[in-house]
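Whatever order the structure lists ligands and atoms in, that order sets their numbers, starting from 1.
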Amino acid sequence: FVDLQKLEAGEIANPDEGRMVGHYWLRKPELAPTDELRAAITGPLAALKEFAVKVHGGEVAAPGGERFENLLLIGIGGSALGPQLVNDALGHDSQLNIHFFDNTDPAGIDRTLAEIGQTGLSRTLVLVVSKSGGTPETRNGMVEAKAAYDAAGLDFGKHAVAITGEGSKLDKFADEEGFLAKFPMEDWVGGRTSVMSTVGLVPAALQGIDIDDFLAGAAAMDEETRKADAGTNAAMRLALAWHAAGNGKGEKDMVVLPYKDSLVLFSKYLQQLVMESLGKSEDLDGNTVHQGIAVYGNKGSTDQHAYVQQLRDGVPNFFATFIEVRKGRDGDTIEVEPGNTSADYLQGFLRGTRKALYESGRKSITISIGEVNPFTLGMLIALFERAVSFYASLVNINAYHQPGVEAGKKAAATFLDLLNAVRGRLTADPKNAA
Ligand code: PA5
């Protein structure tokens, strides 16, 4: 990938800044975090671990001394997807049953409340997660939850924890209502990369997931992907592969197929990470670019039966990403037929699909991990986070803002204001009094 001609001609201005890749610079990530950054991380980390220990030990309990048995996480987008992925991948032995309000669909809210049950509410710890503290969907979920607690004669604040930016509306509301605890969400952490911050770590610690291992996996990948050599840096190689596949213009979609049930949400997680970070209309110099990579996916082998016909024979507007997990199950393997286990079947289907795609000229990337555990999940997430930032650097866009999502939030707020105004007028009109 290195443009040797330019290197020899001395056209690479500052070799310390990166490596020439085709016509592009891959900028090196910032060096190690500063002490200030470390302090911003380690303080809340110790506090959230202590909080989880107290909840598990019953020291932090519901009024009346009942231990918390359930968690209800209220959040959306980056404030919910990370905890949902971690729960799906690692939450099988969770110490608390976790539920989510991640949409404003009233039927969904009712169903979740019914699952918890009115008597379960008193033993439910509610985590309200919003960096801005003003996202309408999250506010809506919190109002619904509070109404349920009020109806059950319970004090909502004594069951609630806020994870939010300092001084936000939610931060103030938490103080007014006397929430059990508050954890900061730092301004410099983006929603879609917040799973390693209080957003992902508070629920994970409460579930009893090993967050030290999770962070260690991410730290190991962080170290690996700071290497300047594009040949051995997995994140650079991923970014380059995306770039090559879509001609640097996002011409191909990314189809993600993890061959593991517990990673099914990884496709959805990547949808947010990649699309919200890279879907941009302007580059860093203000040129109109309309960049981005559309992502969709599900899991193998289940969704082969829906996807592979299109992938092999349909429009070749994608590249596939397979995620392979080497270890099949914790216990003994069972032979389904002489010599073959269920895990062999899964491997066979992955390899078969990849071959079928290859034979019809469809490109794919395979990422293999030994097993799904906190360490490997931390690695996997950090790998894609870094690849996204490298790709953004290749195409000269800002991966860390989301004007489109914010425009959507504003438009929804305008619609709600209008609706309120119309309802107000209708109620004020005597003709409509009945
Ligand atoms: O990645 C992002 O910035 C978004 O997806 C946000 O996480 C999402 O919009 C929720 O925002 P907030 O945490 O402010 O409620």
Side-chain angles (χ1 to χ4, degrees), residues 44 48 71-87 100-105 108-109 126-146 160-174 179 182-204 265-281 291-296 381-382 384-389 391-392 397-416:
L48 72 88
L71 276 181
L72 170 61
L73 191 147
I74 304 175
I76 197 156
S79 290
L81 267 166
Q84 284 171 324
L85 168 67
V86 170
N87 171 54
F100 294 91
F101 276 181
D102 67 344
N103 197 2
T104 57
D105 178 358
I109 291 175
V126 184
L127 299 181
V128 190
V129 191
S130 174
K131 175 171 156 180
S132 61
T135 300
E137 291 96 324
T138 306
R139 196 178 153 273
N140 172 91
M142 187 174 70
V143 170
E144 290 266 7
K146 185 169 167 359
V161 169
I163 301 174
T164 189
E166 211 185 316
S168 72
K169 276 191 197 159
L170 172 58
D171 190 38
K172 291 182 188 135
F173 183 76
F179 274 25
K182 286 194 307 185
F183 293 97
M185 191 169 174
E186 302 294 343
D187 193 39
W188 43 268
V189 180
R192 55 196 168 276
T193 51
S194 65
V195 66
M196 312 271 171
S197 76
T198 49
V199 172
L201 300 178
V202 172
L265 281 188
F266 197 66
S267 326
K268 205 172 159 195
Y269 183 79
L270 287 187
Q271 242 167 34
Q272 194 208 16
L273 177 67
V274 175
M275 298 206 295
E276 203 178 347
S277 303
L278 303 180
K280 301 292 156 69
S281 61
Q291 261 290 342
I293 303 178
V295 181
Y296 50 96
I381 293 171
F384 278 89
E385 284 184 0
R386 178 86 10 109
V388 161
S389 69
Y391 183 87
I397 56 161
N398 177 359
Y400 303 106
H401 68 350
Q402 53 285 326
V405 172
E406 270 139 33
K409 286 186 189 179
K410 261 193 213 137
T414 312
F415 170 75
L416 289 170

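- Taking a cut-off of under 4.0 Å to the non-hydrogen atoms of Gly191, the atoms of ligand 1 that pass are 1 (O), 2 (C), 3 (O), 7 (O).
- Contact annotation: the side chain of Ile74 never approaches that of Leu127 to less than 4.5 Å [non-hydrogen atoms, C-beta and beyond].
- Relative to atom 13 (O) of ligand 1, the option among Gly133, Gly77, Ser79 with the closest non-hydrogen atom is Ser79.
- A donor-acceptor contact closer than 3.5 angstrom is absent between the side chains of Asn103 and Glu137.
- Distance alone, capped at 3.5 Å, is enough to place a donor-acceptor pair between the Ser389 side chain and the Arg386 backbone.
- With respect to atom 12 (P) of ligand 1, the closest heavy atom belonging to the protein is Thr135 OG1, 3.2 Å.
- For Phe384 and Tyr269, the distance between ring centers is not under 6.0 angstrom.
- Protein heavy atom nearest atom 1 (O) of ligand 1, with residue, atom name and distance: Arg192 N, 3.0 Å.
- Distance from atom 2 (C) of ligand 1 to its nearest protein heavy atom, with residue and atom name: Glu276 OE2, 3.1 Å.
- Ligand 1 has no N or O atom lying under 3.5 Å from any N or O atom of Thr138, backbone or side chain.
- Distance from atom 7 (O) of ligand 1 to its nearest protein heavy atom, with residue and atom name: Gly78 N, 2.9 Å.
- Here the protein heavy atom with the shortest distance to atom 11 (O) of ligand 1 is Lys409 NZ, 3.3 Å.
- Among all non-hydrogen protein atoms, the one lying nearest atom 8 (C) of ligand 1 is Ile76 O, 3.7 Å.
- When only non-hydrogen protein atoms are considered, atom 14 (O) of ligand 1 lies nearest to Ser132 OG, 2.7 Å.
- Formation of a donor-acceptor pair under 3.5 Å by the Lys131 side chain with backbone atoms of Val189 is found in this model.
- Across Met185 and Ser194, no two heavy atoms sit closer than the pair CE-CB, 3.8 Å.
- Note on ligand 1: Gln272 sits in its first shell, one or more heavy atoms being nearer than 4.0 Å.
- Minimum interatomic distance between Ile76 and Asp102 (heavy atoms only, all atoms of both residues): CD1-O, 3.5 Å.
- Annotation for Ser79 and Val129: closest pair CB-O, 3.5 Å, computed over non-hydrogen atoms.
- Counting heavy atoms closer than 4.0 Å to ligand 1, residue Gln402 contributes side-chain atoms (C-beta onward) but none from N, CA, C or O.
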